[in-house]
Amino acid sequence: MNIPDSSFPRVIIIGGGFAGVRLAKTLGNKDAQVVLLDKHNYHTFQPLLYQVSSSGLEPDSIAYPLRKILKKHKNSFFRLAEVKQINAEKNEVETSIGKLNYDYLVIATGTKTNFFGNTEVKANSMPMKNVPQALNIRSLILQNFEKAAIADTKEEQQAYLNFVIVGAGPTGVELSGAIAELKNHILPSEYHDLDSNDMKIHLLEGADRVLPPMSEHASKKAEEFLKDLGVQVHCNTLVEHYDGKTVTTNSDLELQSETLIWAAGVTGAPIEGLKAEALLEKVNRYKVNKFNQVEGYDNIFAIGDIALMETENYPKGHPQVAQPAIQQGKLLGKNLLKLVNNQLMEPFKYNDKGSMATIGRNKAVVDLKHYKFSGAFAWFVWMFVHLMSLVGFRNRVVTFFNWTYNYINFDKAARLIIRPFKK
Ligand SMILES: Cc1cc2nc3c(=O)[nH]c(=O)nc-3n(C[C@H](O)[C@H](O)[C@H](O)COP(=O)(O)OP(=O)(O)OC[C@H]3O[C@@H](n4cnc5c(N)ncnc54)[C@H](O)[C@@H]3O)c2cc1C
């Protein structure tokens, strides 16, 4: 893999997500050789994927080249590679481009979409976990509008205009709101051959309220906002079948739809090769101690969504969101440098900064530790936090410009079918 020998210990990081990137940055130009491996050559800001799906942002606003992140670190290397296997007894990883030895290995592979074993839904629905999938959704939505405009029958047209989103966590709620804005602002002005009232957005949730991980206040307000935008919310509803045309559920609800977007859950993305005790199979997350060391190993660590650290406050592990990943990446960087210098490592303590979700313009909900609020102010807070969290100055400027333009013009300018989606 053409990685030079070094007098420093080699740290291989698998995954350039929130956790892996923060770790690589912390170790940059310090007493370690860093090799970052990812199957994509860019970091993805997953919280804004839904804006790519709904034509609000171009993908290059939310993705950032990993090599650019490392460019000032002379001790750091990036390789575009998928890791297939870990040979822990040899301190070696096997990848799509060859094998490489490590002194320390950090697994930061995040999660993949969880279809809960429903192979029919998996085959016919649209997941939204990475940029290509978000672009597929963008194309499909726009293709549906075009097909609806030339449909032979009302039933056929309705199936193209029925959008079903499964899972009312932040992703499902945000995407439903964004698609509703297409219905409310783009259809009436540009699709004169369609009646925008015919476009229906159904949000299905298995729990008894939307945004189940957030407060009751946030759920209530979010549901109100969704209804204001014309989204039909169905709680206590589980999808049973979807053959690409008909959605059936555990209730009487049955929908004819060409589009089912699956935002109902994730499961860890582990790699073959570690001892059975290292992995909690039910959730596919590596069991780690308070230093993020994987059970049964001294020199293998897991951070971010893939790691499950049981603590008193989080007996089932930390929430699979960006902040624990960022904070674990940062601390592990410091701890690896301590290990290298024979010092004691510091245990991880999660600093929960709160959670938020946006539903549409001037409509967001924010849960802080001692304060919960919603509406226009919450929306500005949401925008500010997301803007500042984006990687790269250019991405922040472009996104800010897009959001301002869209706010003034009620527009979503990225409505382009660049690569048609084929079912
Ligand atoms: C649609 C969506 C919306 C979200 N919205 C929010 C939000 O609003 N707020 C929030 O806090 N969190 C949100 N999250 C969750 C948040 O994105 C994750 O918690 C966070 O990305 C976890 O970071 P990570 O570094 O553990 O993994 P990730 O960011 O998922 O990164 C994992 C990396 O590993 C790479 N990889 C995986 N397997 C391999 C392999 N075998 N070989 C090489 N590379 C590999 C992947 O390509 C990826 O780059 C959202 C997630 C999604 C999917």
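Atoms within a ligand are numbered from 1 in the order they appear, just like the ligands themselves.
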Original post:
Applying a 4.0 Å heavy-atom criterion (strictly less than), which segment of Met356 is in contact with ligand 1: side chain, backbone, both, or neither?
Top reply: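 The answer is neither.
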Subject >> Residue portion contacting ligand 1 (non-hydrogen atoms closer than 4.0 Å) for Thr171 >> reply: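 Under 4.0 Å from ligand 1, Thr171 contributes side-chain atoms alone.
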**OP:** Give yes if a backbone or side-chain nitrogen or oxygen of Ile14 is under 3.5 Å from a nitrogen or oxygen of ligand 1, and no if not.
**Re:**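 Such a contact does not occur with ligand 1.
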**OP:** Give yes or no for whether the N/O distance cutoff of 3.5 Å, strictly under, is met between Ala269 and ligand 1.
**Re:**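 There is no such contact.
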Against heavy atoms of [X], which atoms of ligand 1 measure under 4.0 Å?
X: Ala81; result: 42 (N), 43 (C)
X: Gly304; result: 26 (O)
X: Asp305; result: 18 (C), 19 (O), 20 (C), 22 (C), 26 (O)
X: Glu82; result: 41 (N), 42 (N), 43 (C)
X: Ala325; result: 23 (O)
X: Gly110; result: 26 (O), 27 (O), 30 (O), 32 (C)
X: Ala19; result: 25 (O)
X: His40; result: 47 (O)

**OP:** Side-chain contact test, heavy atoms from C-beta onward, threshold under 4.5 Å: evaluate it for Leu279 versus Asn284 and give yes or no.
**Re:**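 Answer yes - side chains close enough.
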Original post:
Got Thr311 and Tyr350 here, is their nearest side-chain heavy-atom distance under 4.5 Å?
Top reply: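 Contact flag for Thr311/Tyr350 side chains = no.
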For [X], I'd like to know if atom [atom1] has over 12 heavy atoms of other residues, nucleotides or ligands within 6.0 Å.
X: Lys220; atom1: NZ; answer: no
X: Glu272; atom1: CD; answer: no
X: Lys316; atom1: NZ; answer: no
X: Tyr314; atom1: OH; answer: yes
X: Lys338; atom1: NZ; answer: yes
X: Phe116; atom1: CZ; answer: yes
X: Asp298; atom1: CG; answer: no
X: Tyr407; atom1: OH; answer: yes

What is the closest protein heavy atom to [atom], and at what distance does it sit?
atom: atom 40 (C) of ligand 1; value: Val83 N, 3.8 Å
atom: atom 34 (O) of ligand 1; value: Gly15 CA, 3.2 Å
atom: atom 29 (O) of ligand 1; value: Gly17 CA, 3.4 Å
atom: atom 21 (O) of ligand 1; value: Phe18 CD1, 3.1 Å
atom: atom 11 (O) of ligand 1; value: Ala322 N, 2.9 Å
atom: atom 48 (C) of ligand 1; value: Asp38 OD2, 3.5 Å

Subject >> Salt bridge Lys227-Glu224, side-chain N to carboxylate O under 4.0 Å >> reply: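 Salt bridge: no.
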For [atom], the option (of [options]) bearing the nearest heavy atom:
atom: atom 9 (N) of ligand 1; options: Ala134, Pro47, Pro270; answer: Pro47
atom: atom 37 (C) of ligand 1; options: Ile13, Leu23, Thr109, Val21; answer: Thr109
atom: atom 28 (P) of ligand 1; options: Lys353, Lys39, Gln46; answer: Gln46
atom: atom 15 (C) of ligand 1; options: Gln133, Gln320, Lys129; answer: Gln320

Original post:
How are the rings of Phe45 and His386 set relative to one another: parallel (under 30°), tilted (30 to 60°) or perpendicular (over 60°)?
Top reply: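 Answer is perpendicular, since the angle exceeds 60°.
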**OP:** Take the angle between the ring planes of Phe163 and Phe145 and call it parallel below 30°, perpendicular above 60°, tilted in between.
**Re:**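 Rings of Phe163 and Phe145: perpendicular, over 60°.
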Original post:
Quick one: does Ala108 get a heavy atom under 4.0 Å from ligand 1?
Top reply: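 Right, Ala108 reaches ligand 1.
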